[in-house]
Amino acid sequence: MARPIWFAAAVALALVLLPVAVWLDLRHLSDTALNAQANSLNAMITDIRTYYARNVVGRVLANPGGQTIAAHNYADIPGAIPIPATLSLELGDVVGHQGDNMRYRFVSDLVFAAREPHRLDDFEKQALQTFRTEGADRPLITAIDGTMLDRRIRLAAPVVMGEACVACHNSHPESPKRDWNVGDVRGIQEIEVQQPIAANLFSFKYLLSYFVGAGIFGIGFAAMQWRQARAFGRMNADLEEANTFLAAVSMKISKYLSPQVYRSIFSGERDVVISTERKKLTIFFSDIKDFTVTSERLQPEELTQLLNEYFTEMSKIAHEYGATVDKFIGDAILAFFGDPETQGTREDARACLAMAIAMQRRMVGLNAEWRRRGIEKPFQARMGINTGFCNVGNFGSVDRMDYTIIGAEANLAARLEQIAEPGGIVMSYETFALVEDSVRARALAPISLKGISREVIPYVVEGIHDEAPEAMPSVINEFTDGARIFLDVERLTDAERTRIEGVLTQAVAALRRHQPVVS
């Protein structure tokens, strides 16, 4: 099979660019080596100075007034310093090996009077000035120059005055400066390294041969990779299609689960196995008063739309306050706080009560909207709250299970909801004890409820709408056996308002005339 033109062009281009790439790599290799050698030499000189200050000067100063002697075991003798042989051995470990292409120089513009002044070039003067201006903590100063075949690096590091140096310089008669402080920059130590490229070219005599062989191998490998890439591309397309399908299924499943349960399952925190725990939960139960009567007056499509709007708004509030929505039972909602996420029993109870109040306030706006749409008797919700221990977890069979709660405390929440007034909230004493400092509630007479062995003291939440003036209704819609009141304030004209005020005044007067006599 004839090879395509682009293949031959690519090979030719690679052969042309290969010498250029090799030359550039050599230059980069040289510069990198220079920098590494300069830094190594700088570290070596610094280690020498540190060693001398610690093992010689430091030991002498640590023994003032004592006798200083040289000994091979100087570390065991106070004030002793190493003998030349020991010093040579130890400095050999510190200094290491030094090449012929390296140069070290210590320079300063402040030398003792008996010494010849140092001659500083522009690089050294600039480096010394920079360290004294910007501080010794700034990065080291480097300069790289030279020709294409002979590169050179110069590195300058600050020489900082230590305690021993300050004491000596400030008291020495030949010192040109007597006010040194610890940390001052006295001078610089300079490392200069030369790296001739031409001298090392012979070391790379096999480089071109290696690159040619590697290039041939790379071309073959690239062809094989191209074929594999096409296969992987097909596999990735299949995986992407599968992932899209799984993501769509996951989104559909999330509609059947509470967000907390959904996250715990798909994150791996909760296993899909039959298991339960006993936890203290705050349970919320609500339903719609006279839902059967209301449903008889509506067409199935209209009823479905209203019920879905109701559940959507209530669920949105429940998710906002962190409730786990267990299920919808006809027109009822069962939710709870405390699993799989909890903020503590008291905070869970507070969140549950705040959620219920927010729901009742939202019902006012929903009723007004539904009334405008021609619904004669919109929904009115009753709500019950209880706090107690329940079994919570996965119940069911190995083939199908349901995450829910079971226990008498859940039944109590449902019973409390049944005695609540439309638009009202009733809670048990256990819940009231946790939230009494943040709610106004009125205790009712103890009652016995079906399925509950003890007497229960219900507490009716008062002032549900007191703290929400923006939610106060412009539509009043009240129905009882003896009265029917519907008032849409925003739709009244001025004349109608005047007439309605008179009617309401007469109604209030009639109510007062027929008040029962209290003996």
Side-chain angles (χ1 to χ4, degrees), residues 35 37-71 74-75 77-84 86-88 90-96 98 102-143 153-193:
N35 191 68
Q37 292 174 7
N39 278 280
S40 300
L41 183 57
N42 175 69
M44 176 188 69
I45 299 301
T46 301
D47 290 342
I48 294 175
R49 290 174 54 82
T50 302
Y51 170 84
Y52 181 80
R54 181 182 65 249
N55 290 24
V56 179
V57 177
R59 296 184 56 81
V60 173
L61 295 178
N63 189 33
Q67 183 179 6
T68 300
I69 63 173
Y74 66 96
I77 304 173
I81 61 175
I83 62 175
T86 303
L87 179 63
S88 299
E90 293 179 347
L91 286 182
D93 295 333
V94 175
V95 174
Q98 179 179 350
M102 297 184 184
R103 185 171 68 91
Y104 167 76
R105 186 181 183 208
F106 167 78
V107 293
S108 175
D109 56 350
L110 297 171
V111 299
F112 281 7
R115 295 177 180 173
E116 182 180 353
H118 297 162
R119 295 181 180 180
L120 280 64
D121 58 21
D122 293 339
F123 171 77
E124 295 165 339
K125 292 177 181 178
Q126 182 64 35
L128 185 58
Q129 181 63 30
T130 300
F131 285 124
R132 286 178 176 171
T133 302
E134 300 181 10
D137 295 334
R138 62 148 286 141
L140 303 183
I141 300 174
T142 60
I153 183 173
R154 301 180 70 186
L155 182 145
V159 176
V160 181
M161 298 290 288
E163 293 183 1
C165 300
V166 169
C168 176
H169 279 256
N170 287 344
S171 60
H172 199 285
E174 295 183 1
S175 175
K177 180 177 171 64
R178 303 292 182 89
D179 56 350
W180 290 103
N181 295 312
V182 175
D184 287 348
V185 176
R186 177 173 178 255
I188 60 171
Q189 61 181 16
E190 177 188 355
I191 307 298
E192 181 178 325
V193 181

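All values below come from the heavy atoms of this structure, side chains included, with hydrogens, waters and symmetry mates left out.
- Within the 4.5 Å cutoff, the side chain of Pro158 has heavy atoms near those of the Leu140 side chain.
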For this session: Starting from the C-alpha separation in whole Å, work towards a yes-or-no answer on side-chain contact (heavy atoms from CB on, under 4.5 Å) for Val166 and Asn181.
Result: CA-CA 6 Å; Val166 169; Asn181 295 312; 5.7 Å; no
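- In terms of the salt bridge (Lys or Arg N to Asp or Glu O under 4.0 Å) criterion, residue partners of Asp121 (sequence neighbours excluded) are, by chain and number, Arg154.
- Across all their heavy atoms, Ile188 and Ala156 have their closest contact at CD1-CB, 4.2 Å.
- In this structure, Leu110 and Pro176 approach most closely via the heavy-atom pair C-CG, 3.9 Å.
- Ala143 pairs by the side chain to side chain contact (heavy atoms under 4.5 Å, CB included) definition with Phe123, not counting sequence neighbours.
- Listed by chain and residue number, Arg49, Phe106, Gln189 satisfy the side chain to side chain contact (heavy atoms under 4.5 Å, CB included) test with Val159 (two or more places apart in sequence, or in another chain).
- Residues meeting the side chain to side chain contact (heavy atoms under 4.5 Å, CB included) test with Val111, sequence neighbours left out: His118.
- No donor-acceptor pair under 3.5 Å is formed between the side chain of Arg132 and the backbone N or O of Ala127.
- Once rounded to the nearest 0.5 Å, the distance linking CG of Asp109 with CZ of Arg119 reads 15.5 Å.
- Of all heavy-atom pairs spanning Ser108 and Leu120, the tightest one is O-CD1, 4.0 Å.
- Counting heavy atoms from C-beta outward, Phe131 and Ile141 have side chains that approach closer than 4.5 Å.
- For Asp179, the salt bridge (Lys or Arg N to Asp or Glu O under 4.0 Å) partners are Lys177, not counting sequence neighbours.
- Partners of Thr133 by side chain to side chain donor-acceptor pair (under 3.5 Å), not counting sequence neighbours, listed by chain and number: Gln129.
- Every residue meeting the salt bridge (Lys or Arg N to Asp or Glu O under 4.0 Å) condition with Glu134, not counting sequence neighbours, appears here in chain and number order: Arg138.
- Partners of Pro117 under the side chain to side chain contact (heavy atoms under 4.5 Å, CB included) rule, at least two apart in sequence or in another chain, do not exist in this structure.
- When all heavy atoms are compared, the tightest approach of Arg178 to Pro173 is NH2-O, 3.0 Å.
- Residues passing the side chain to side chain donor-acceptor pair (under 3.5 Å) test with Asn170: none are found, sequence neighbours excluded.
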